[in-house]
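To start, the structure itself, in structure tokens.
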Amino acid sequence: MPNENSEDVFPDGNLLFQVERESVLSAEKLFDHNLIEKHIKEGFLSLSSIEYDLSVVTVPNLKGILSSHNLKVTGKKADLISRIIDNVSENDIRALVPDSYYLLTLKGKAAKEEWLEADRLAVQKERVEGQQKRIAEMESYAPLIASKNFGVNVISSSTDVHPEAIYRCLRDLDLLEYEYILAAVDYAILGSDLRTVINDMACLGFTMDEKTVWQVIAGTRSYVAILNMQCWAAKYQVHSRDNKLHCNCCQSFDGKIFLIDEAKVGSTLPPFCGSCVCYVTGISDE
């Protein structure tokens, strides 16, 4: 899509990126005609030649043009184009091939590359700033979780079970080291995916095993479910999703019922294996 204030941006990298090799009719539906003309006047764009316009035409249609002028229709595409140019007037060609195309000049290509590089740097800067913000938040939450300080206004709200879920999961897995608390916070509280968590931890100097981090993520997810249901249920049931990842381990837990107080990752609470697809649902006290 064009920039909202594209008239104020010159040369307009968005225009140069989108308009290259675009037909005149299509391009002017995307961008203001005057803005396009300005880029042509300043040497960033040019209109295509007859040769280029014919090169876009299919061979059958080129042969149709030749046949309508009683010219030979044999040869390669380049031969057909040359024969048309040599024997058919430009006005007649334009009547049959009315649309032209916008092409970038060398100046336009250089401007486009500069725009793409500036855009890449902006995206990279935004990514780095986002990572720095996440890391700062991770490092503020981690000590609170390590100290089991899950009270009101400490991390989110009195109804946020994620801090306690993180602590319980890491306790079960015997992974209450600082880096695993950080990784769990990144996922559970900040909403990062597995790959982002791994990258964020690498930025902090921690090389994390992806399988272990996944186990922490899956275990935290299970505890979130348990803590959310404990106000109305005393028991929960394990379910194994029926898909290609279904294994004998998961199958052995399918349908089993446990007391919420018995919840322990790897023992009575998912994940039970490295490819666990199990989840839990509460069973009402009624």
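Counting begins at 1 with the first residue of the sequence.
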Under the side chain to side chain donor-acceptor pair (under 3.5 Å) rule, what do Asp79 and Ser82 come out as? Steps first, then yes or no, please.
CA-CA 5 Å; Asp79 298 328; Ser82 295; 5.7 Å; no
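- If you chain together hydrophobic residues whose side chains sit under 4.5 Å apart, Val56 and Val24 never meet in one group.
- A donor-acceptor pair is defined here as one N or O able to donate and one able to accept, closer than 3.5 Å; no such pair exists between the side chain of Arg134 and the backbone of Leu190.
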Check step by step if salt bridge (Lys or Arg N to Asp or Glu O under 4.0 Å) holds for Lys109 and Glu20.
CA-CA 9 Å; Lys109 290 178 179 179; Glu20 184 179 16; 5.3 Å; no
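- Panel note: side chain Glu262, backbone Leu259; a donor-acceptor pair is recorded below 3.5 Å.
- Between Lys235 and Phe258 the shortest side-chain heavy-atom distance does not fall below 4.5 Å.
- The 12-atom threshold is exceeded at NZ of Lys107, counting heavy atoms of other residues, nucleotides or ligands nearer than 6.0 Å.
- A distance-only check finds no donor-acceptor pair linking the side chain of Ser23 to the backbone of Ser100 [under 3.5 Å].
- The OH atom of Tyr52 sits 10.0 Å away from the OG atom of Ser46 when rounded to the nearest 0.5 Å.
- More than 12 non-hydrogen atoms from other residues, nucleotides or ligands lie less than 6.0 angstrom from CG of Leu121.
- Considering CG of Leu30 and CD of Glu22, their distance stands at 6.0 Å, rounded to 0.5 Å.
- When side chains are defined from C-beta on, Gln251 does not count as touching Ser240, because their heavy atoms never get closer than 4.5 Å.
- Annotation: Asp209, atom CG; neighbour count of heavy atoms from other residues, nucleotides and ligands within 6.0 Å is above 12.
- Side-chain heavy atoms closer than 4.5 Å link hydrophobic residues (I, L, V, M, F, W, Y) into clusters, and following such links, even through other members, never connects Ile198 to Val128.
- For Lys38 and Phe10, the positive end sits near the middle of the six-membered ring, less than 6.0 Å away and at most 45° from its axis.
- Using a 4.5 Å heavy-atom cutoff, the side chains of Glu139 and Leu204 are in contact.
- In terms of heavy-atom proximity, Ala165 sits nearest to Leu227 at N-CD1, 3.5 Å.
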Val265 vs Phe272, side-chain contact (heavy atoms from CB on, under 4.5 Å): CA-CA, chis, key distance, verdict
CA-CA 7 Å; Val265 170; Phe272 301 112; over 6 Å; no
Could you go through the side-chain contact (heavy atoms from CB on, under 4.5 Å) check for Leu116 and Arg120 one step at a time?
CA-CA 6 Å; Leu116 288 174; Arg120 185 188 68 80; over 6 Å; no
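- A donor-acceptor pair is defined here as one N or O able to donate and one able to accept, closer than 3.5 Å; no such pair exists between the side chain of Ser267 and the backbone of Ala263.
- The closest side-chain heavy-atom distance from Pro11 to His39 is below 4.5 Å.
- Put simply, OH on Tyr236 and CD1 on Ile260 are 8.0 Å apart, with the number rounded to the nearest 0.5 Å.
- In the hydrophobic clustering of ILVMFWY residues, with side-chain heavy atoms under 4.5 Å counting as a link, Leu35 and Ile40 come out together.
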Run Phe17 and Asp119 through side-chain contact (heavy atoms from CB on, under 4.5 Å) and show every step you take.
CA-CA 12 Å; Phe17 181 78; Asp119 188 59; over 6 Å; no
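- Using modelled atom types, one side-chain atom of Thr268 and one backbone atom of Lys264 make a donor-acceptor pair closer than 3.5 Å.
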Might you work through the side-chain contact (heavy atoms from CB on, under 4.5 Å) test for Leu45 and Leu103, ending with a clear yes or no?
CA-CA 6 Å; Leu45 283 175; Leu103 302 178; over 6 Å; no
Can Thr196 and Asp193 be said to form a side chain to side chain donor-acceptor pair (under 3.5 Å), step by step?
CA-CA 5 Å; Thr196 300; Asp193 58 24; 2.7 Å; yes
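- Residue Cys250 comes nearest to Cys276 through the heavy atom pair SG-CA, 3.6 Å, listed as atom of the first residue, atom of the second, then distance.
- With respect to Glu164 and Lys148, no salt bridge is recorded, no charged nitrogen being found less than 4.0 Å from a carboxylate O.
- Side-chain contact between His33 and Glu37 is present, with at least one heavy-atom pair separated by less than 4.5 Å.
- When all heavy atoms of Cys203 and Gln131 are compared, the closest pair comes out as SG-OE1, 3.4 Å.
- A 4.5 Å side-chain heavy-atom check between Leu176 and Ile145 finds every atom pair outside the cut-off.
- Listed by first then second residue, pairs satisfying salt bridge (Lys or Arg N to Asp or Glu O under 4.0 Å) with a partner in residues 90-102 read Asp53-Arg94, not counting sequence neighbours.
- Membership of the apolar cluster around Ile93 extends to Ile50, Leu54, Val57, Val59, Leu62, Ile65, Leu66, Leu71, Val73, Leu80, Ile81, Ile84, Ile85, Val88, Leu96, Val97, as traced through chained side-chain contacts below 4.5 Å between ILVMFWY residues.
- Interatomic distance, Leu175 CG to Cys169 SG, rounded to the nearest 0.5 Å: 8.0 Å.
- Side-chain atoms of Glu177 and Leu170, non-hydrogen and from C-beta on, never get closer than 4.5 Å to each other.
- Side chain to side chain, Gln18 and Tyr102 fail the donor-acceptor criterion of an N or O pair below 3.5 Å.
- In this structure the side chain of Gln237 never reaches within 4.5 angstrom of the side chain of Val280, judged on heavy atoms.
- Rounding to the nearest 0.5 Å places OG1 of Thr281 at 8.5 Å from CD1 of Ile257.
- Among all heavy-atom pairs drawn from Gly13 and Trp115, the shortest one is CA-CG, 3.3 Å.
- Both Trp232 and Tyr223 are members of a single hydrophobic cluster when ILVMFWY side chains are connected at heavy-atom separations under 4.5 Å.
- At least one donor-acceptor pair closer than 3.5 Å links the side chain of Arg83 to the backbone N or O of Thr74.
- Tyr279 is not connected to Val216 by any chain of hydrophobic side-chain contacts under 4.5 Å among Ile, Leu, Val, Met, Phe, Trp and Tyr, and they are in different clusters.
- Under a 3.5 Å cut-off, the side chain of Ser67 and the backbone N or O of Lys63 do not form any donor-acceptor pair.
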Extract all donor-acceptor atom pairs below 3.5 Å that involve side chains of residues 178-187 and protein atoms in other chains or at least two apart in sequence.
{"unit_1": "Asp186", "atom_1": "OD1", "unit_2": "Ser192", "atom_2": "OG", "d": "2.7"}
{"unit_1": "Tyr187", "atom_1": "OH", "unit_2": "Arg221", "atom_2": "NE", "d": "3.2"}

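- Shown here is Arg21, whose CZ atom has no more than 12 heavy atoms of other residues, nucleotides or ligands within 6.0 Å.
- Between the side chains of His162 and Thr220, not a single donor N or O lies within less than 3.5 Å of an accepting N or O.
- A 6.0 Å sphere centred on NZ of Lys77 holds more than 12 heavy atoms belonging to other residues, nucleotides or ligands.
- Between atom CG of residue Asn14 and atom NZ of residue Lys112 there is a gap of 11.5 Å, rounded to the nearest 0.5 Å.
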